[in-house]
Amino acid sequence: MPEGPSIVILKEAVELFSGKKVVSVSGNSKKIDLHRLPSQKVIAFRSWGKHFLICFKDFFLKVHFLMFGSYLINDRKPQDPRLSLVFKNGELNLYSCSVNLLEGTADELYDWSTDVMNDAWDPKAAKKKLKERPTALICDALLEQDIFSGVGNIIKNEILYRVKVHPESAVGKIPAAKLSRLIKEARIYSFEFLEWKKEYKLREHWLAHTKKTCKRCDLPFTLKHTGSKKRRSFFCTNCQILYN
DNA sequence: TATAATGTTTGAAC
DNA sequence: AGTTCAAACATTAT
């Protein structure tokens, strides 16, 4: 569920509730005051990276699905929803996610240029931030939500394989042209992820994530928990260059 | 059945 | 006081 493109799919799927008034609310969320919601009209559903935003007039809900969150539209799971929003034309149920209510507007709080899925995505800003962290490993930097909002571990692994960069490469040692290519690929792959996910064909397009052998050279992949984030990296030590 | 996984925040420990 | 790290949360497939 969690990576940026999946949130874009959610945003599109709930468009039928955009502009609609919340009829009733329930859920086991302890962080928000559910009484704020009934009779409020949804102004927009938005996304910023892995954040799913439900915007009302003077406030908005920030939903994060973490590792296991899920949602159902006009359907329910056996367990209690974290938050359930009922509209005249249907309902949205959110499970095991984190929900926060923030005052003001999303535009006041978010920098849309960091979101790889957003039209405002600014690769130059990403490059600038990477230059400020020369000693960071690229596997960690790609997961930094302030640089690549929406990029998760799957996207990380696929990008690094595509651009032939070893996950433990130091950001500052990667040649400028290669780094630009990598930043560009962050957006390109994220959109391919989006299309494949919509067709339920995401997995079959993985070339690195969870893979055992490299399709390019036929040698076995390395699986290692890399960087300070210690997330799984699948990579080919033959094809992917280590810059250090 | 135990484990690990598309993730982040929190607060203790250093 | 700044950094690091484990714990917590929660679901599902292998």
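Chain naming here is simple, since letters A, B, ... match the order of the sequence lines and numbering starts at 1 in each.
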4.5 Å side-chain heavy-atom contact, A:Arg216 and A:Cys239: yes

With a 4.0 Å cutoff (strictly under), does any side-chain N or O of A:His209 reach OP1 or OP2 of B:dA5? no

Rounded to whole Å, CH2 of A:Trp48 lies from P of B:dG7 at a distance of 14 Å

task: Kindly confirm or rule out a cation-pi arrangement of A:Arg36 over A:Phe59, judged by NZ or CZ under 6.0 Å from the six-membered ring centre and within 45° of its axis?
output: yes

Parsed dot-bracket for DNA chain C after applying the Watson-Crick and G-U rules with both distances under 3.5 Å and | for other-strand partners is .||||||||.||||

What integer number of Å spans the P atoms of C:dA6 and B:dA5? 16 Å

In A:Ile73, A:Leu85, A:Val42, the residue satisfying side-chain contact (heavy atoms from CB on, under 4.5 Å) with A:Phe17 is A:Ile73

Taken to the nearest whole Å, CG/A:Leu10 to C1'/B:dT6 is 15 Å

Between the protein and nucleotides 11-14 of chain C, which nitrogen or oxygen pairs are less than 3.5 angstrom apart?
{"from": "C:dT12", "atom 1": "OP1", "to": "A:Lys77", "atom 2": "NZ", "distance (Å)": "2.7"}

Rounded to whole Å, the CZ-P distance (A:Phe148 to B:dT6) equals 19 Å

The side chain to side chain contact (heavy atoms under 4.5 Å, CB included) partners of A:Phe68 (sequence neighbours excluded) come to none

Taken in chain and number order and not counting sequence neighbours, the residues that satisfy side chain to side chain contact (heavy atoms under 4.5 Å, CB included) with A:Lys178 are A:Lys164, A:Val165, A:Ile174, A:Pro175, A:Tyr243

task = Examine A:Lys77 relative to A:Tyr95 and say whether NZ or CZ is less than 6.0 Å from the centre of the six-membered ring and inside a 45° cone about the ring axis.
result = yes

Could you go over nucleotides 8-11 of chain B and give all protein N or O partners under 3.5 Å, atom names and distances?
{"from": "B:dT8", "atom 1": "OP1", "to": "A:Lys50", "atom 2": "NZ", "distance (Å)": "3.4"}
{"from": "B:dT8", "atom 1": "OP1", "to": "A:His64", "atom 2": "NE2", "distance (Å)": "3.4"}
{"from": "B:dT8", "atom 1": "OP2", "to": "A:Lys50", "atom 2": "NZ", "distance (Å)": "3.3"}

Atom NE2 of A:His225 and atom P of C:dA6 are separated, to the nearest Å, by 13 Å

- Would you tell me whether A:Lys50 and A:Ser6 have side-chain atoms, one donor and one acceptor, within less than 3.5 Å of each other? no

Cut-off 3.5 Å, side chains only: do A:Thr114 and A:Trp48 have a donor facing an acceptor? yes

Sorted by chain and number, sequence neighbours left out, side chain to side chain contact (heavy atoms under 4.5 Å, CB included) with A:Arg133 holds for A:Lys129, A:Ala136, A:Ile147

Check: If only side-chain N and O atoms of A:Arg232 are considered, is one of them under 4.0 Å from the OP1 or OP2 phosphate oxygen of B:dA5?
Finding: yes

A:Lys230 atom NZ is separated from C:dC5 atom P, nearest whole Å, by 6 Å

**Item:** Distance between P atoms of B:dT3 and C:dA7 (Å, rounded)
**Value:** 15 Å

When rounded to whole Å, the CG to P distance for the pair A:Leu223 and B:dA4 reads 11 Å

When rounded to whole Å, the CE to P distance for the pair A:Met67 and C:dA7 reads 16 Å

ask   = Going by atom types alone, do A:Trp112 and A:Asp107 pair a side-chain donor with an acceptor below 3.5 Å?
value = yes

Review point. Backbone N or O of A:Gly49 within a donor-acceptor pair of the A:Asp115 side chain at under 3.5 Å?
Key: yes

Practice item. Assess the side chains of A:Asn100 and A:Lys31: does a donor N or O sit below 3.5 Å from an acceptor N or O? Key: yes

Atom CD1 of A:Ile159 and atom P of B:dT6 are separated, to the nearest Å, by 15 Å

